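Notes to accompany the following structure.
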Amino acid sequence: DVKVTQSSRYLVKRTGEKVFLECVQDMDHENMFWYRQDPGLGLRLIYFSYDVKMKEKGDIPEGYSVSREKKERFSLILESASTNQTSMYLCASGTGRAQETQYFGPGTRLLVL
Amino acid sequence: GENVEQHPSTLSVQEGDSAVIKCTYSDSASNYFPWYKQELGKRPQLIIDIRSNVGEKKDQRIAVTLNKTAKHFSLHITETQPEDSAVYFCAASAYFGNEKLTFGTGTRLTIIP
């Protein structure tokens, strides 16, 4: 059974703080993704990675960076958190084969004050 | 890039009736169309998908139809039950080696007992 875990379910940070969100998957998946989910806007892709140390910008990368030093771990970094980054952040992983299922983590609800 | 529009944003149906959610996409190269279900407080999970070489796919009470000419696809749920209440997301992708999905904005389906 695929397991995708995220380091925190809830997080409260101050404007200007550096924030790290971590995601770990245990199925040796090639691909990993970070999305943010906002009401009325659906799931929007921030960054994705299809291999260790590889990253690609998604649709809304501004204000974010990522790190993938190990295959199982994909980190999302907010260099200087702002209030408009208050959101639900979802990590997902996929096998890397063509158009297979993405498996989501439980999400991190981030509040930036 | 790809743009996916989803309608309606909210839908209420009587238990036992059918529900239909519609999506349109913009990129004619898209050839994979999954649907994800997100129950309240839980992570999105794949419920059904369709590839462009078929026009319809069924799985018990759930079916998806695809019209490539018109660039639209739909989710049909028959004999709805209370456990069908959730947010449903459609998505589209064009395979180029790394499974990037573009999601719709979601439909909140409520089943009225």
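These numbers were taken from a predicted model, which means no experiment stands behind them. In what follows, chains carry the letters A, B, and so on, assigned in the order in which the sequence lines appear, proteins first and then strands, with residues in each chain numbered from 1. Computed over heavy atoms, backbone and side chain alike; hydrogens, waters and symmetry mates excluded.
A continuous path of Ile, Leu, Val, Met, Phe, Trp and Tyr side chains, each step under 4.5 Å between heavy atoms, connects A:Trp34 with A:Met32, placing both in one hydrophobic cluster. When hydrophobic clusters are built by joining Ile, Leu, Val, Met, Phe, Trp and Tyr residues whose side-chain heavy atoms come closer than 4.5 Å, directly or via intermediates, A:Val112 is not grouped with A:Ile77. Both B:Tyr25 and B:Ile50 sit in one connected hydrophobic cluster of ILVMFWY residues. Membership requires side-chain heavy atoms under 4.5 Å apart, directly or through other members. Linking ILVMFWY residues whenever their side-chain heavy atoms come closer than 4.5 Å, directly or via other members, places A:Phe33 and A:Leu43 in the same cluster. The cluster map of Ile, Leu, Val, Met, Phe, Trp and Tyr, joined by side-chain heavy atoms under 4.5 Å apart, puts B:Leu109 and B:Phe89 in different clusters.
Residue contact with chain B, scored on non-hydrogen atoms closer than 4.5 Å, is absent for A:Asp51. Contact annotation for B:Gln38: only side-chain heavy atoms (C-beta onward) come within less than 4.5 Å of a heavy atom of chain A. For A:Leu45, the part lying near chain B is the side chain, with the backbone staying farther off; criterion is any non-hydrogen pair under 4.5 Å.
Contact record, B:Arg43 with A:Val4: NH1-O, 3.2 Å, taken as the closest heavy-atom pair. In terms of heavy atoms, B:Leu46 sits closest to A:Thr101 at CD2-OG1, 3.1 Å.
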Please assess B:Tyr36 against A:Gln102 for the test side chain to side chain contact (heavy atoms under 4.5 Å, CB included), listing each intermediate value before the final yes or no.
CA-CA 10 Å; B:Tyr36 283 77; A:Gln102 287 191 17; 3.5 Å; yes
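One finds the CG atom of B:Leu101 at 5.0 Å from the OH atom of A:Tyr35 (value rounded to the nearest 0.5 Å). Atom NZ of B:Lys100 and atom CD of A:Glu56 lie 10.0 Å apart (nearest 0.5 Å).
The residue among B:Ala91, B:Gly104, B:Pro44 with the most heavy atom pairs within less than 4.5 Å of chain A is B:Pro44. With chain B as partner, the option from A:Ala92, A:Gly42, A:Pro39 having the largest number of non-hydrogen pairs under 4.5 angstrom is A:Gly42.
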Just distance, no hydrogens or angles: give the donor-acceptor pairs under 3.5 Å from side chains in residues 7-15 of chain A, sequence neighbours left out.
unit_1: A:Ser7; atom_1: OG; unit_2: A:Glu22; atom_2: N; d: 3.2
unit_1: A:Arg9; atom_1: NE; unit_2: A:Gly107; atom_2: O; d: 3.4
unit_1: A:Thr15; atom_1: OG1; unit_2: A:Leu113; atom_2: O; d: 2.7

Donor-acceptor list for residues 71-78 of chain B side chains, cut-off 3.5 Å, not counting sequence neighbours:
unit_1: B:Lys71; atom_1: NZ; unit_2: B:Ser26; atom_2: O; d: 3.1
unit_1: B:His76; atom_1: NE2; unit_2: B:Thr65; atom_2: OG1; d: 3.4
unit_1: B:Thr78; atom_1: OG1; unit_2: B:Arg61; atom_2: O; d: 3.3

